[in-house]
Student: 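Handing you this structure, nothing more for now.
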Amino acid sequence: NSAFVSYMSRCKIRVGYKRFFNNIFINKKVSIKNNNFHKVYHYLDLVVNIESKVAEVDFGIHVDGRAAFLLKNQFIGNWIGIAPFTDNYNLAWDKEKYKTLINLFLSEPSFGYIFLFGDQSQQKELQEFVSHKSRVINLAGKYNILQLAGIISCLSRFIGNNAKFTHIASACGVDVM
């Protein structure tokens with residue numbers, strides 16, 4: 001345990017969380033303010049307690065908005081992103097359920113467009129979801145990751161598994177389901 005190693009090496013300042021059993025080895029105890037914060041903020045609290053300066057942290061994602069700009073001129077209306085595939089079999093949702101969901105969105109006449117996200121290798125498989133639907137756009141393999149992030153940042157909602165596109169959507173502040 002690092003607290004014990006710090007104690008045995010005679011470190012003058014040994015910082016740790018109050019709630020752990022190693023309290024006897026630390027001399028600067030930090031309480032966890034809120035479990036809903038990202039872990040980085042908890043670590044920053046530890047750094048502050050060793051009397052170090054902490055720079056402002058920017059968790060924003062930097063995107064390439066050129067592709068999104070071009071698509072906005074071509075596809076007007078609400079955009080929803082869907083990334084139906086994942087490498088984790090336990091997290092996979094049946095393809096037919098995604099097709100049903102897409103048809104449900106498209107049944108609303110005022111609804112805009114659905115953008116499908118996937119890797120180059122998933123391009124053909126995603127094409128099954130498009131099948132003569134003019135408001136479903138397959139983006140797999142057409143843009144680099146920064147351009148996709150720019151497109152994702154313009155979505156009103158994102159639906160996907162625990163995969164990179166879902167994480168990008170979350171980082172861009174898009175509502176994720």
Side-chain angles (χ1 to χ4, degrees), residues 17 19 31-45 55-177:
Y17 295 113
R19 67 182 181 152
S31 60
I32 296 178
K33 296 174 186 166
N34 183 341
N35 282 332
N36 294 329
F37 281 134
H38 192 279
K39 284 184 180 182
V40 170
Y41 288 115
H42 295 296
Y43 299 143
L44 289 173
D45 280 347
E56 184 67 30
V57 179
D58 175 15
F59 287 108
I61 187 166
H62 303 284
V63 301
D64 181 344
R66 291 175 289 186
F69 177 77
L70 293 174
L71 289 174
K72 276 190 171 189
N73 289 328
Q74 189 176 354
F75 304 106
I76 298 169
N78 289 330
W79 294 2
I80 288 186
I82 297 179
F85 303 123
T86 179
D87 294 334
N88 188 335
Y89 178 76
N90 295 325
L91 299 174
W93 206 36
D94 185 56
K95 279 198 290 189
E96 293 307 313
K97 290 181 180 177
Y98 277 109
K99 288 178 183 178
T100 301
L101 182 65
I102 288 170
N103 287 330
L104 183 67
F105 283 125
L106 295 176
S107 68
E108 178 63 43
S110 64
F111 181 78
Y113 293 89
I114 295 173
F115 292 107
L116 301 175
F117 292 85
D119 294 329
Q120 177 79 36
S121 63
Q122 298 164 335
Q123 191 173 27
K124 284 184 182 177
E125 199 171 2
L126 282 170
Q127 204 56 37
E128 288 178 37
F129 292 82
V130 176
S131 65
H132 311 305
K133 294 178 175 85
S134 62
R135 294 187 294 154
V136 180
I137 315 301
N138 182 357
L139 298 179
K142 295 182 181 171
Y143 298 97
N144 68 40
I145 198 73
L146 292 177
Q147 292 168 328
L148 288 171
I151 294 166
I152 289 171
S153 70
C154 296
L155 299 173
S156 56
R157 298 262 184 289
F158 191 89
I159 300 164
N161 295 301
N162 186 15
K164 68 181 163 203
F165 299 113
T166 307
H167 294 293
I168 291 170
S170 181
C172 290
V174 175
D175 289 336
V176 174
M177 300 181 349

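The basis for the numbers below is simple: all heavy atoms, side chains too, and nothing from hydrogens, waters or symmetry mates.
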Student: Checking Asn161 side chain against Pro84 main chain: does a donor-acceptor pair fall under 3.5 Å?
Tutor: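 Checking the backbone N and O of Pro84 against the side chain of Asn161, a donor-acceptor pair under 3.5 Å is found.
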Student: Let's go through Phe165 and Ile152 carefully: what are the C-alpha distance in whole Å and the side-chain angles of both, what is the deciding distance for side chain to side chain contact (heavy atoms under 4.5 Å, CB included) to 0.1 Å, and is it a yes or a no?
Tutor: CA-CA 8 Å; Phe165 299 113; Ile152 289 171; 4.1 Å; yes
Student: Between Arg135 (side chain only) and Phe111 (backbone N and O only), is there a donor and an acceptor less than 3.5 Å apart?
Tutor: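 Answer holds: yes.
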Student: Are more than 12 heavy atoms, taken from residues, nucleotides or ligands other than Lys124, located less than 6.0 Å from that residue's NZ atom?
Tutor: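 Open: at most 12 neighbouring heavy atoms sit under 6.0 Å from NZ of Lys124.
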Student: Between Ala68 and Cys154, what is the shortest heavy-atom contact and its length?
Tutor: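 Reported closest heavy-atom pair: CB-SG, 3.7 Å.
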Student: Applying side-chain hydrogen bond (donor to acceptor under 3.5 Å, both in side chains), can you list everything that pairs with Ser110, at least two apart in sequence or on another chain?
Tutor: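 If we apply the side-chain hydrogen bond (donor to acceptor under 3.5 Å, both in side chains) test to Ser110, skipping adjacent residues, the hits are Glu108.
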Student: Side chains of Phe75 and Leu70: closer than 4.5 Å at any heavy-atom pair?
Tutor: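 Phe75 vs Leu70: side chains apart.
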Student: For the backbone of Asp119 and the side chain of Gln122, can you confirm whether one donor and one acceptor N or O come within less than 3.5 Å of each other?
Tutor: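 Such a contact is found between Gln122 side chain and Asp119 backbone.
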Student: Take atom NZ of Lys142 as the centre, draw a 6.0 Å sphere, and report whether it contains more than 12 heavy atoms from other residues, nucleotides or ligands.
Tutor: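 Counting neighbours around NZ of Lys142, more than 12 heavy atoms of other residues, nucleotides or ligands fall under 6.0 Å, so yes.
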Student: Among Leu155, Val136, Val174, Ile159, which one satisfies side chain to side chain contact (heavy atoms under 4.5 Å, CB included) with Ile80?
Tutor: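 Among Leu155, Val136, Val174, Ile159, the one that satisfies the side chain to side chain contact (heavy atoms under 4.5 Å, CB included) with Ile80 is Ile159.
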Student: With rounding to the nearest 0.5 angstrom, report the OG1 to NZ distance, Thr86 to Lys164.
Tutor: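 With rounding to 0.5 Å, OG1 (Thr86) is 10.5 Å from NZ (Lys164).
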Student: Where do Ser107 and Leu104 come nearest, in terms of heavy atoms and distance?
Tutor: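 Heavy-atom minimum between the residues: OG-O, 2.6 Å.
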Student: Going from CG on Asp94 to NZ on Lys99, what distance comes out if it is rounded to the nearest 0.5 angstrom?
Tutor: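 Reported value, rounded in 0.5 Å steps: 9.0 Å.
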Student: Taking all atoms of both residues into account, what is the closest heavy-atom pair of Ser153 and Gly150, and its distance?
Tutor: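 In terms of heavy atoms, the two residues are closest at OG-O, 2.6 Å.
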Student: Quick one: closest heavy-atom pair of Leu126 and Leu116, and the distance?
Tutor: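 Closest approach of Leu126 to Leu116, heavy atoms only: O-CD1, 3.7 Å.
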Student: Does some side-chain heavy atom of Trp79 sit less than 4.5 Å from a side-chain heavy atom of Ile151?
Tutor: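 In short, these two side chains touch, coming nearer than 4.5 Å.
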Student: Quick check against the 3.5 Å criterion: does Thr100 have a side-chain atom that pairs as donor or acceptor with the backbone of Glu96?
Tutor: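 Looks like yes, one N/O pair under 3.5 Å.
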Student: Can you tell me how far NZ of Lys95 sits from CD of Glu128, rounded to the nearest 0.5 angstrom?
Tutor: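 Output value for this atom pair is 4.0 Å.
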Student: List the steps, then state whether side chain to side chain contact (heavy atoms under 4.5 Å, CB included) holds for Leu106 with Tyr113.
Tutor: CA-CA 8 Å; Leu106 295 176; Tyr113 293 89; over 6 Å; no
Student: Roughly how far, to the nearest 0.5 Å, is the CZ atom of Phe129 from the CD1 atom of Ile102?
Tutor: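 If I round to the nearest 0.5 Å, the distance is 5.5 Å.
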Student: Determine, step by step, whether Lys133 and Asn103 satisfy the side chain to side chain contact (heavy atoms under 4.5 Å, CB included) criterion, reporting the C-alpha distance in whole Å, the side-chain angles of both residues, the deciding distance to 0.1 Å, and the verdict.
Tutor: CA-CA 9 Å; Lys133 294 178 175 85; Asn103 287 330; 2.9 Å; yes
Student: For Phe69, look at atom CZ and say whether over 12 heavy atoms of other residues, nucleotides or ligands are found less than 6.0 Å away.
Tutor: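 Not buried by this count: 12 neighbours or fewer within 6.0 Å.
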Student: Taking C-beta and beyond as the side chain, do Ile145 and Ile168 meet within less than 4.5 Å on heavy atoms?
Tutor: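 A side-chain contact under 4.5 Å exists here.
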Student: Could you tell me whether the side chains of Gln123 and Gln120 share a donor-acceptor contact shorter than 3.5 Å?
Tutor: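 A donor-acceptor contact under 3.5 Å links the two side chains.
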Student: Do any N or O atoms from the side chain of Asn144 and from the backbone of Leu146 form a donor-acceptor pair under 3.5 angstrom?
Tutor: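 Yes, Asn144 side chain to Leu146 backbone: donor-acceptor pair under 3.5 Å.
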Student: Mind checking whether Phe117 and Phe158 have parallel, tilted or perpendicular rings, split at 30° and 60°?
Tutor: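 Tilted, since the angle between the ring planes falls between 30° and 60°.
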Student: Evaluate the side chain to side chain contact (heavy atoms under 4.5 Å, CB included) criterion for residues Tyr143 and Leu71: first the C-alpha distance (whole Å), next the side-chain angles of each, then the deciding distance (0.1 Å), finally the verdict.
Tutor: CA-CA 12 Å; Tyr143 298 97; Leu71 289 174; 3.9 Å; yes
